[in-house]
2 protein chains.
Amino acid sequence: MVEISCVDKIHGKMNRLTKSERKIAQYVLANYEKVLNCNITELAENAKVSDASVVRFCKTMGYKGYQDFKVNAAMDVLPKDRHFNPSLDKNDDTETICKKIFSSEISAMNRTLSILEMDQMEKAAEALRNAGKIVFFGTGGSLLVGKDAQHKFMKIGFCAFVYEDVDMQMMAASLLEEGDVAFGISHSGSNCHVLNCIKAAAENGATTIGLVSQGKTPISKQADISLYAATEKTMFQSESVSTRIVQLAILDSLLSILAFKDYEASYEAIQETRKATSNNKY
Amino acid sequence: MVEISCVDKIHGKMNRLTKSERKIAQYVLANYEKVLNCNITELAENAKVSDASVVRFCKTMGYKGYQDFKVNAAMDVLPKDRHFNPSLDKNDDTETICKKIFSSEISAMNRTLSILEMDQMEKAAEALRNAGKIVFFGTGGSLLVGKDAQHKFMKIGFCAFVYEDVDMQMMAASLLEEGDVAFGISHSGSNCHVLNCIKAAAENGATTIGLVSQGKTPISKQADISLYAATEKTMFQSESVSTRIVQLAILDSLLSILAFKDYEASYEAIQETRKATSNNKY
DNA sequence: ACACAAACTGAAAAATATTTTCAAAAACAT
DNA sequence: ATGTTTTTGAAAATATTTTTCAGTTTGTGT
């Protein structure tokens, strides 16, 4: 079911409208949110037409009547607010910058969820759950995602590994065996260190999982299981600031799936690991 | 302007509602989209109360009347699936778990944005911009946030430092001077290592910034500038999985503010640092 | 347990809002 | 210019929402 937004409907029919219907259309587009607080008479007055014309307008637009129109118009409001151009502008003030950054990241999260392939998530969870060893591979920002994953996996009792040094990563990959999992993370999907590690792991019979942000990439082609993160271009039209966050969200989800497959054990592990760091508290 | 979503309002007031108001609340939450196509009488019938009670319910929720309620309710609709209870349940399937995790994190992002104090952000940005040295402090998960921040700050040409070892962190803190910035990160706001570092830095005249997730905490009390992240409880009602993501979003925003204060320089720095890692590509 | 007060609720009345009807006005074709 | 079609707004008809008010329930103090 493809829902056409109210604004799009109005624009689409604009040139087939009668004179007074067009007055209404223009007023509505120009005062979108204000209209939501108007009753039919107020809207008619503001648009300088009669109540009857407003009703006709609503029906022309395909709604049952004025109320139906208003409810449907309201449903477009938030996305509209969110659809503002998220690219930063030199003149943006602090608040605007923050809103844009948060919006972009939220948008990236939503789009990631919509493209997330559940069968791949399930396969990944199953592989991780039964894994002998789990090793994360990545460099730069993706290394940090790997470290975060390791941290969280440990919290629920999984022994995961991650190495900073690319040589160490390669060595670790070469020591993996059947039943182990190599988890490669790369925004571009074409980081050669990660790719080599994944390849080495695969040669040794380990299951490989790739987490990338772009479509078909060397890493996603090579990996047994592929997960994709959606991104938003913002800063300088450059590599997204949102990548990290979306990748973390995917790993959080994976983690939760795992935790809930072995609820009791995970619960205990969380309690244990929390106790272990609790004397850090002031 | 803090916009509270209609669903949140209902949840928030749920236990202060009268019996028939609660009936309505429950019906509305359970049949959210359906309600938008109901007039007041239909809703009253479905919820098994009188029309009058529905009006009272709308007013209790802070709306002018039924129409106002419906329009505002409609405004929440498109971010679909945001309305279900985000706590995970043993019987949730993979897709549901993913949706819940993403929703919780998005919700945490939204709430963080709404509580973010812009004057603190500006002060933080100004301090960082003029800083001689910038050092991030944190342990466990927060250390990773610090590392991520360091990584991103370097990308736009800022020299930031972060140390894994708590002794090193303490040493670094003791070497800070006036004009430097100590940036402490701690979910609980009471990590003693971070607190000690912040204190030491302050004693030496450095500006201190605290990024925490809970209200007034030892760290936020000590720090010159405090930033707060909202969180969502999900997994095992335990420490939130969303913390990391929200903290990153705050740092992304801070980074963007900085980048846009010195647009040209940042742009160049990004190009330079990107070139530096580009031969990693396959 | 009982009496009283306060709060809550629904039926019906009152107030509003929406939709339809219909005749006049405008636009259009011939 | 004239007749036809379409569009329009005023007013009537209908539907919806809100308020009022009296009966009922709930809670409190004795």
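Keep in mind that what you see is a predicted model, and the values were worked out from it rather than measured. So you know, we letter chains A, B, ... as the sequences are listed, proteins then strands, and number each from 1.
- To the nearest angstrom, P of D:dT19 lies 13 Å from NZ of B:K64.
- For the helix from C:dA1-D:dT30 to C:dT30-D:dA1, the rotation axes defined at the first and last 5 base pairs enclose an angle of 30°, given to the nearest 10°.
- Taking atom CD of residue A:E21 and atom P of nucleotide C:dA26, one finds them 18 Å apart after rounding to whole Å.
- Under the side-chain hydrogen bond (donor to acceptor under 3.5 Å, both in side chains) criterion, A:Q247 pairs with no residue at all, not counting sequence neighbours.
- Listed by chain and number, the residues in a side chain to side chain contact (heavy atoms under 4.5 Å, CB included) with A:Q67 are A:K70, B:Q67 (sequence neighbours excluded).
- Put simply, B:T18 has no side-chain N or O that comes within less than 4.0 Å of OP1 or OP2 on C:dA7.
- With sequence neighbours excluded, the residues satisfying ring-ring contact (aromatic ring centres under 6.0 Å, His included) with B:F57 are B:F69.
- Of all non-hydrogen atoms in A:S256 and B:I101, the two that sit nearest each other are OG-CD1, 3.0 Å.
- Atom CD of B:Q67 is separated from atom C1' of D:dT16 by 8 Å (rounded to the nearest Å).
- By the side-chain hydrogen bond (donor to acceptor under 3.5 Å, both in side chains) test, B:S226 is found to be paired with no residue, residues two or more places apart in sequence or in another chain being considered.
- Residues satisfying the side-chain hydrogen bond (donor to acceptor under 3.5 Å, both in side chains) criterion with A:E122, sequence neighbours excluded, are B:T94.
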Could you list all N or O pairs between the protein and nucleotides 9-15 of chain D that sit under 3.5 Å apart?
{"unit_1": "D:dG9", "atom_1": "OP2", "unit_2": "A:S50", "atom_2": "N", "d": "3.2"}
{"unit_1": "D:dG9", "atom_1": "OP2", "unit_2": "A:S50", "atom_2": "OG", "d": "3.3"}
{"unit_1": "D:dG9", "atom_1": "OP2", "unit_2": "A:S53", "atom_2": "OG", "d": "2.9"}
{"unit_1": "D:dG9", "atom_1": "N7", "unit_2": "A:R56", "atom_2": "NH2", "d": "3.1"}
{"unit_1": "D:dG9", "atom_1": "O6", "unit_2": "A:R56", "atom_2": "NH1", "d": "3.4"}

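- Not one side-chain nitrogen or oxygen of B:K19 sits closer than 4.0 Å to the OP1 or OP2 atom of D:dT25.
- For A:K34, the side chain to side chain contact (heavy atoms under 4.5 Å, CB included) partners at least two apart in sequence or on another chain are A:Y27, A:N31.
- Atom C1' of nucleotide C:dA7 and atom CZ of B:R22 are separated by 15 Å, given to the nearest angstrom.
- Across the protein-nucleic acid pair, A:L17 atom CG and D:dT6 atom P stand 17 Å apart, rounded to whole Å.
- Residues passing the side-chain hydrogen bond (donor to acceptor under 3.5 Å, both in side chains) test with A:N39: none are found, sequence neighbours excluded.
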